[in-house]
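Have a look at the structure below before the remarks.
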Amino acid sequence: MKTIFAKLGVGTKIIAGYVIALLLMVIVGGVALVQLGQINGKVTDLATNLAEDQRISESIVSEILLARFHANQYMRDPQQAALTRFEDEMKLLNDTLDEADIAITNPERVQMLQQIHTDVDTYHTTFTEVVDLINKRNEVVTNILDVQGPLGEEKLQQLRNNMFDAGNLPAVQYSGNTQSALLLMRFNAFKYLQVGETQWVDQFNIRYEEAITGYELLLSELSSPTDRRLAQEALAAIEAYKNGFDGLQLDYARQNELTSTVLDVIGPQVRQDASAMSNSVAVDFRAQADASTTIVAQTRWVLIVTIVFAVVLGLTLGWVIARSITQPLKSVVDASTHIAEVDLTNLANELKLMAQGDLSER
């Protein structure tokens with residue numbers, strides 16, 4: 001290296017020194033930029049991608065819980081307000097899932113998201129079927145049970161009054177027994193609709209048999225065509241009530257089946273999948289945070305080593321350049337000093353000789 005600089009001019013050496021210093025600065029800056037780029041990538045992934053995945057996952061969890069809450073509320077008490085809230089929450093949930101389709105790119109979470117899509121569609125479709133069953137049941141209650149029950153009671157009450165006026169005490173008793181059985185049938189049907197327990201169905205069937213027995217005994221006591229027609233109309237109302245309740249049981253059983261095998265299974269599963277997706281984001285978040293910390297530590301040491309290396313190299317090059325400039329100058333100065341000293345000595349000798357010559361001539 002000394003030989004190389006020795007061949008260069010002084011101006012070139014100075015320029016070379018500045019260029020080398022700039023190159024060292026560029027090297028240090030380049031290393032810093034590369035490391036900072038890696039840190040920025042990690043931070044961007046943490047602040048943008050993973051944070052967005054976390055937000056979407058948590059939104060899915062909260063929205064499916066709200067949708068299930070309003071679905072259960074509607075099934076307990078079929079009011080339009082609960083159904084409207086359910087539909088609103090499902091719309092929000094589907095919008096969030098559409099957003100997730102764009103934002104989430106991690107293969108594992110994409111697979112979870114696809115399963116959530118399928119389960120949410122199944123949940124919505126199943127609940128729609130349950131709503132249809134509830135509406136059908138309400139129609140049966142409104143158009144059959146709430147009509148035929150009072151109608152049968154009315155006919156039996158007329159018969160009871162007629163038999164009392166006619167003094168037919170057995171017929172009064174039988175019509176009263178039949179009417180009581182019908183009232184209990186209605187009570188059992190109401191309890192079943194309220195709680196959905198099969199014990200009330202069993203009670204309903206027992207009361208129905210009692211009503212039929214009472215009707216047959218009553219009919220045997222009737223001789224008037226008008227009274228027999230009233231009894232037959234009462235029986236027709238009882239049978240219509242029984243048939244309506246039997247159909248209602250089938251719909252209720254289907255609703256319970258859908259609720260227990262689909263809604264109460266898929267609903268929690270969606271929440272679990274969304275929670276698992278959120279947990280996977282948290283795992284990646286911690287991993288990226290740890291990686292960022294590692295890169296920061298590596299960057300610190302890389303910069304320290306690079307700066308120390310640059311300082312040592314710069315000092316070495318500065319010393320070499322300085323030596324390559326000062327050594328030739330020193331040689332020139334030494335030579336000039338030597339020449340000057342030689343010339344002065346010779347001049348002094350000559351002057352001395354000349355002085356001696358002048359003295360001898362005198």
Side-chain angles (χ1 to χ4, degrees), residues 37-136 138 254-292:
Q38 293 183 5
I39 295 173
N40 182 64
K42 296 294 183 183
V43 171
T44 299
D45 194 27
L46 288 172
T48 306
N49 299 331
L50 291 179
E52 183 66 6
D53 288 4
Q54 185 79 45
R55 182 190 67 81
I56 290 174
S57 300
E58 294 298 333
S59 296
I60 293 173
V61 172
S62 62
E63 286 162 7
I64 188 59
L65 286 175
L66 284 172
R68 291 185 62 212
F69 171 79
H70 293 299
N72 291 329
Q73 186 181 39
Y74 180 80
M75 286 187 288
R76 288 194 305 269
D77 183 17
Q79 299 295 324
Q80 183 59 40
L83 183 59
T84 300
R85 290 295 303 275
F86 170 81
E87 293 296 342
D88 290 343
E89 292 299 333
M90 288 302 296
K91 183 180 184 305
L92 286 175
L93 177 56
N94 284 311
D95 289 343
T96 300
L97 291 176
D98 291 340
E99 184 181 358
D101 289 336
I102 299 173
I104 295 178
T105 57
N106 179 278
E108 179 184 0
R109 289 192 283 277
V110 168
Q111 186 175 2
M112 293 179 183
L113 184 60
Q114 290 174 348
Q115 184 61 49
I116 290 174
H117 263 296
T118 301
D119 289 343
V120 167
D121 290 341
T122 302
Y123 189 93
H124 198 179
T125 301
T126 303
F127 182 71
T128 300
E129 183 178 350
V130 170
V131 171
D132 291 339
L133 291 171
I134 292 174
N135 290 335
K136 182 180 177 182
N138 289 338
R254 175 61 177 166
Q255 175 186 333
N256 290 337
E257 178 187 2
L258 292 175
T259 301
S260 61
T261 62
V262 180
L263 299 183
D264 289 347
V265 174
I266 290 181
Q269 186 62 49
V270 171
R271 182 189 60 78
Q272 291 174 8
D273 289 342
S275 296
M277 191 162 63
S278 177
N279 292 337
S280 74
V281 174
V283 171
D284 289 351
F285 198 95
R286 288 191 294 270
Q288 293 289 61
D290 293 342
S292 298

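Positions are given from 1 along the sequence.
Between Arg68 and Tyr123 the shortest side-chain heavy-atom distance falls below 4.5 Å. Taking 4.5 Å as the limit, every side-chain heavy atom of Leu65 sits out of range of all side-chain heavy atoms of Phe69. Put simply, the side chain of His124 reaches to within 4.5 Å of the side chain of Thr128, judged on heavy atoms. Using a 4.5 Å heavy-atom threshold, the side chains of Arg55 and Glu99 count as touching. The shortest side-chain heavy-atom distance between Val61 and Ser278 does not fall under the 4.5 Å cut-off. At least one side-chain heavy atom of Ile134 sits under 4.5 Å from a side-chain heavy atom of Asn138.
Among residues at least two apart or in separate chains, there is no ring-ring contact (aromatic ring centres under 6.0 Å, His included) pair with a member in residues 254-275.
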**Candidate pair Arg254 and Val130, rule side chain to side chain contact (heavy atoms under 4.5 Å, CB included), full reasoning** = CA-CA 8 Å; Arg254 175 61 177 166; Val130 170; over 6 Å; no
**Request:** Report the C-alpha separation of Thr125 and Glu129 in whole Å, then their side-chain angles, then the decisive distance to 0.1 Å, and conclude whether the side chain to side chain contact (heavy atoms under 4.5 Å, CB included) test is met.
**Result:** CA-CA 6 Å; Thr125 301; Glu129 183 178 350; over 6 Å; no
**Request:** Could you walk me through whether Lys91 and Asp95 pass salt bridge (charged side-chain N to carboxylate O under 4.0 Å, His left out), step by step?
**Result:** CA-CA 6 Å; Lys91 183 180 184 305; Asp95 289 343; 3.2 Å; yes
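Closest of all the heavy-atom pairs between Ile266 and Asp119 is CG2-O, 3.2 Å. Between Met90 and Ala67, the shortest heavy-atom distance links the atoms SD-CB, 3.8 Å. In plain terms, the two heavy atoms of Ala100 and Ile56 that are nearest each other are CB-CG2, 3.5 Å.
Checked by atom type, the side-chain pair Gln111/Gln115 shows no donor-acceptor distance below 3.5 Å. Under 3.5 Å, the side chains of Asn94 and His117 contain no donor-acceptor pair of N or O atoms.
Atom-to-atom distance recorded for Leu258:CG and Met75:CE is 10.0 Å, nearest 0.5 angstrom. Going from atom CG of Leu66 over to atom CG of Asp88 covers 11.0 Å, rounded to the nearest 0.5 Å. Considering OG1 of Thr96 and CD1 of Ile64, their distance stands at 11.0 Å, rounded to 0.5 Å. Taken to the nearest 0.5 Å, the CG atom of Leu133 stands 10.0 Å off from the CG atom of Asn256. Thr126 OG1 to Asp121 CG: the interatomic distance, rounded to the nearest 0.5 Å, is 10.5 Å. Taken from CD in Gln114 to CE in Met112, the straight-line distance is 12.0 Å, to the nearest 0.5 Å.
Side chain of Ser62 to backbone of Ser59: a donor-acceptor contact under 3.5 angstrom is found.
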N/O donor to acceptor pairs below 3.5 angstrom from side-chain atoms of residues 79-86, sequence neighbours left out:
unit_1	atom_1	unit_2	atom_2	d
Gln79	NE2	Asp77	OD1	3.2
Gln80	NE2	Thr84	OG1	3.3
Thr84	OG1	Gln80	O	2.9
Arg85	NH2	His70	NE2	3.4

Let me check something: any side-chain donor-acceptor pairs from residues 270-277 under 3.5 Å, sequence neighbours excluded? List them with distances.
unit_1	atom_1	unit_2	atom_2	d
Asp273	OD1	Gln269	NE2	2.9
Ser275	OG	Arg271	O	2.9

